[in-house]
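Worksheet: one structure, shown below.
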2 protein chains.
Amino acid sequence: MTRRERLREELVAEIKNAARTRLNEAGAAELSLRGIARDVGMSPASLYTYFDGLDDVITALIVDSFDDQAAAIRVAAAGARSVQTRLRRATVAYRDWAHEHPEEFRLLYESPIAGYQAPEDGPTVDAAIRVMTPFMELLHEAWTTGEIEAPPPGPPIDTKATAPRVEGGIDADWLRVGIETWAQFHGFVSLELNGHFPPGTALDDVYDHLIDNITTRLGFTD
Amino acid sequence: MTRRERLREELVAEIKNAARTRLNEAGAAELSLRGIARDVGMSPASLYTYFDGLDDVITALIVDSFDDQAAAIRVAAAGARSVQTRLRRATVAYRDWAHEHPEEFRLLYESPIAGYQAPEDGPTVDAAIRVMTPFMELLHEAWTTGEIEAPPPGPPIDTKATAPRVEGGIDADWLRVGIETWAQFHGFVSLELNGHFPPGTALDDVYDHLIDNITTRLGFTD
DNA sequence: TACGTTATCCGAACAGTGTTCGTTTGTCAA
DNA sequence: TTGACAAACGAACACTGTTCGGATAACGTA
């Protein structure tokens, strides 16, 4: 590792850090290439030495943010005995992370930057799957340990795209259950973050109540 | 109604129409004030005679889109006998409308235009509530006709903001159930629209399956 | 009909954006 | 030391939203 390579890596990290800070503190509207360049103290043109443009910086940011959320979920779910408890903690961590990084959450799951196009080779898709993997693993574990029963059959899911990225493959019915579960608590977080719920309400408790309903319906015998 | 007032109304409608067409056909990135001005054949400065700026045009667009979705939901839910069927059709209409107007849906429920700020006096909030009202009415009707039972008590919801806008007020428990229900099918539509589900899957069937689960849990005896 | 008022419209300008190009500076290896 | 390459920059281009001043047209009224 030469000196130049090391400096390059440091500067790439500094640029990504400046971009993330800018996004979190000033919002997506201020996530501009020229602004990032000002923050790291270089000219806009110089940034093109390290990234192919603003979209490339954003793509790197998305991948890092997905991995950050995935790590937060894994940490929150670790340690508890019952799978039900770990699954609950994972869903709570999903929402907590969104509250701590609302701009990043929007960047990951909505499209707050008009004109941004994710790259074809899909590094952001890979990273997104790394967030869902803990949930799928918990469902699978709950099933193998007998905490919940096998899901009733339902519409088929095409597992070609996701199965190769999950250890031991993935069952179509479980993937469907995972997607449905995800959709339910994600919808709450998304609507909440975009201000679509009545103000003055203790949304923590409502979310807990929603998770209760979801886990109950999954078949956990509380 | 003078001639000038009529011309003004027509031009306002034409501007909004151009903005909506631009959004739907070219995406949020092309929803620019200068572009809209080009489409209607006037200078950018002239647009300020009719709107206070780009944000004001977008606000008008949001209100119209909310009302359009609300109308689609009401049309879809009308006519069927059982409340369960109408509720199901309403949820399907919610998703169908999103598929027919994906860019508009994102504009309503996510924040695809960085820097846009909704106005303080909340015309967009009023319009958003007009979308939720049919769902709340259906829940209330199912309860009064005995198709489902009263919801078990749960965390309280502050009904001050929404109750005055719904005829006959609103019950806190029912509002909570409505919010939870909405969150669940909205999450599916949002994730689907943003490409977070495995490709090649028959998502229509999965959504139907999800709605089955939701209505069953609401207490409808199929 | 004539006049003053007002709405409408536009051109020019300003500050900001992403991106490209040509050039210069700095670093590394042969 | 020299040649090759990475890195950095200034200037420019085509955009964007917005403001301002002035011109033009339509209006209500005397």
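Proteins get letters first, then strands, A, B, ... in listed order; numbering begins at 1 in each.
- Between A:Leu54 atom CG and C:dT20 atom C1' there is a gap of 16 Å when expressed in whole angstrom units.
- Spacing between atom CG of B:Leu31 and atom P of D:dC15 amounts to 18 Å, rounded to whole angstrom units.
- Neither OP1 nor OP2 of D:dA6 sits under 4.0 Å from any side-chain N or O of A:Arg8.
- Here D:dA8 is the nucleotide among D:dA8, C:dG18, C:dC9 with the atom lying nearest to any side-chain atom of A:Tyr50.
- Screening B:Glu104, B:Glu14, B:Glu103 for a salt bridge (Lys or Arg N to Asp or Glu O under 4.0 Å) with B:Arg20, the sole residue that qualifies is B:Glu104.
- With rounding to whole Å, B:Leu47 atom CG is found 10 Å from D:dG17 atom P.
- Heavy atoms of B:Arg6 sit nowhere under 4.0 angstrom from any nucleic acid atom.
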- request: Take B:Ile129 and B:Phe66 through the test side chain to side chain contact (heavy atoms under 4.5 Å, CB included) and record every step on the way to the result.
  value: CA-CA 9 Å; B:Ile129 292 176; B:Phe66 268 128; over 6 Å; no
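- Among A:His186, A:Glu192, A:Glu100, the one residue that satisfies the side-chain hydrogen bond (donor to acceptor under 3.5 Å, both in side chains) test with A:Arg95 is A:Glu192.
- For B:Thr2 and B:Glu30, each mapped to the nucleotide of DNA chain D holding its nearest heavy atom, the one lying further toward the 5' end belongs to B:Glu30.
- At whole-Å resolution of the value, CD in B:Glu10 and C1' in C:dT8 are 15 Å apart.
- Remark on DNA chain D: of its neighbouring residues A:Thr49 and B:Asp55, the 5'-side contact belongs to A:Thr49, judged by nearest-heavy-atom nucleotide.
- Rounded to whole Å, the distance from CZ on A:Arg38 to C1' on C:dG16 is 9 Å.
- The distance from atom CD of A:Glu14 to atom P of D:dA8 is 11 Å, rounded to the nearest whole Å.
- Rounded to whole angstrom, the span from the CG atom of B:Asp39 across to the C1' atom of D:dT16 amounts to 15 Å.
- A donor-acceptor pair is defined here as one N or O able to donate and one able to accept, closer than 3.5 Å; no such pair exists between the side chain of A:Arg106 and the backbone of B:Glu110.
- Residue B:Ser43 has a polar side-chain atom (N or O) positioned under 4.0 Å from OP1 or OP2 of C:dC10.
- When rounded to the nearest whole Å, the span between CG of A:Leu11 and P of D:dA6 equals 16 Å.
- Note on B:Ser32: only backbone sugar-phosphate atoms sit closer than 4.0 angstrom, heavy atoms only; bases stay farther off.
- Here A:Arg4 does not reach the OP1 or OP2 of D:dA8: none of its side-chain N or O atoms lies under 4.0 Å away.
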